[in-house]
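Each remark here refers to the structure printed beneath this line.
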Protein chains: 2
Amino acid sequence: MAYRKTPAELSRLEAARERLVACATTVVAEVGWAQASVTAVADAAGIAAGSVYQHFPSKAALAVEVFRRAAGREVEVLGQVVHGSGDPVERLESAVRVFARRALENRGLAHALLAAPAEPAVGAERLVFRRRYRELFAEVVREGMAAGLLPPQDGEITAAALTGAVGEVLVDPLAAHDADATDVLLAELTAMALRCAGARPGRRPSARSPRTP
Amino acid sequence: MAYRKTPAELSRLEAARERLVACATTVVAEVGWAQASVTAVADAAGIAAGSVYQHFPSKAALAVEVFRRAAGREVEVLGQVVHGSGDPVERLESAVRVFARRALENRGLAHALLAAPAEPAVGAERLVFRRRYRELFAEVVREGMAAGLLPPQDGEITAAALTGAVGEVLVDPLAAHDADATDVLLAELTAMALRCAGARPGRRPSARSPRTP
DNA sequence: ACAAGAAGTGAACCATCATTCATCCCTTCA
DNA sequence: TGAAGGGATGAATGATGGTTCACTTCTTGT
């Protein structure tokens, strides 16, 4: 009799689950949470609707997993920048640039993570991750104040403002889509962010084309 | 026979419609769009669910009307401040303070207008009004630049950032609710906004308690 | 006061999905 | 090879909530 154990069969299960999460992420990035029905997601993954429940107890659980994975990646990347090298102001500038660039590279996903209407479970998760974004920005702002590079301010509020500001600029169809316009947008955004935190202007003119990580 | 004409009966109809919109606004401010079912709204207005369709062809139409009224009031008030007296920087500061204060005074409504998940029709309307907010901020930023009070920048981007920043700070449960904390929050917010637009600091120390319209 | 017409009612209707489950099929082990 | 244990299936189920409509109630003008 075939007992419930399976040597490499488990990996097939795990792979199917991963594939499901990946496909669901794609669907959500393309059509938003509201249009991402269980059927649509299952179709995209090439499985039946019922099979989704082999991997997740509910649609909400799948949605939360999708959100956590995607948002976690962003927080991870942002954390690397914020905790990287350079003075606090440089790191703040890099953080905003990286945050914005990644969002511009995958607008659909950025919209889903930051703004798209979603079920309550995802909304709650969104608040959690927004706070993480904010905490990262707040850290570097506080460091900048401690180093005397930024004027006294409430780091939390500045951080919240930066999160909201970048999101607002990115989310609705304001900027063009060609690479040149993207560079200009990034330059304006980072300049705005530095002003917002009170960094003294006129350090570097915020170079356009050369690669600035 | 009573023909379809009605002298003062029309006003009763109009009053009922107004009452419906007002009650729906209250419900939305209290429980959000998602929980504001036709039944709930009708109950709040003291009418039957079916009667809603005497005044609006669909729930979406009612929702859009509710949104337009409320958001229109905000745009109106903001426009008065932006087109009021004082130098551009003063008007920018006032605009942010008024925007934020009004939102703090009615958090539920602010959340509904700025962030709460909503049906597509309301989402579309939200984009329209966000653009109006932005245009107002952008105007005063451009004036500030023309007057040499603000450094060169993309007024649209700064305006979008201000809208997003204020929304972000206000919307999620960050700030306390007592009057004192509100004053501090408003002071920090306006200071952040002035930095964000690049206004030279140190003009007025942004008084706390005295009434600053 | 009465008839006609409009507004109000709320239970029934219908569409949309998430979820379930009887069944099928594939893999595993004797 | 064959039987058994689970994953996979997808049509049926159920819940939710917007919308409709046959009927009641109210107002109006004769």
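By convention in this document, chain letters (A, B, ...) are assigned in the order of the sequence lines, proteins followed by strands, and residues within each chain are numbered from 1.
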- Within 6.0 angstrom of B/E18 CD, more than 12 heavy atoms from elsewhere: yes
- Message: Looking at B/E135 and B/R131, is any side-chain nitrogen of the basic one under 4.0 Å from a carboxylate oxygen of the acidic one?
- Response: no
The nucleotide from C/dT19, C/dC17, C/dG8 with an atom nearest the side chain of A/V38 is C/dT19
B/Q54 atom CD is separated from C/dA7 atom C1', nearest whole Å, by 5 Å
Taken to the nearest whole Å, CD/B/E119 to P/D/dT16 is 19 Å
* Okay, side chain of A/K59, backbone of A/Y53: is any donor-acceptor separation there less than 3.5 Å? -> no
Side-chain atoms of B/A48 come closest, of C/dT27, D/dT9, C/dG10, to C/dG10
From NE2 of A/H55 across to P of C/dT19 the rounded distance in Å is 15 Å
Here the distance between atom C1' of D/dT9 and atom CD1 of A/I47, to the nearest Å, is 10 Å
- Is A/S51 near enough to D/dT9 that one of its side-chain N or O atoms lies under 4.0 angstrom from OP1 or OP2? yes
Next item on the list: On the 0 to 90° scale, with breaks at 30° and 60°, tag the B/F129-B/F67 ring pair as parallel, tilted or perpendicular.
Entry: perpendicular
inquiry  = Go through it in stages, so that I can follow the logic: the residues are A/S85 and A/R91, the test is side chain to side chain donor-acceptor pair (under 3.5 Å), and I'd like the CA-CA distance, side-chain angles, deciding distance and then a yes or no.
reply    = CA-CA 7 Å; A/S85 60; A/R91 278 180 278 141; over 6 Å; no
The nucleotide from C/dT9, C/dC17, C/dT19 with an atom nearest the side chain of A/S37 is C/dC17
Per the under-4.0 Å heavy-atom filter, residues of residues 18-36 of chain B near DNA chain D come out as none
So B/T25 and B/R69, side-chain contact (heavy atoms from CB on, under 4.5 Å) or not? Walk me through it. CA-CA 9 Å; B/T25 302; B/R69 297 274 188 103; 5.7 Å; no
Here the distance between atom C1' of C/dT16 and atom NZ of A/K59, to the nearest Å, is 11 Å
When rounded to whole Å, the CG to P distance for the pair A/L62 and C/dC17 reads 16 Å
Rounded to whole Å, OH of B/Y53 lies from C1' of D/dT19 at a distance of 5 Å
Rounded to the nearest 0.5 angstrom, the CD-CZ distance for A/Q54 and A/R17 is 12.0 Å
Whole-Å distance, A/D43 CG to C/dC17 C1', equals 14 Å
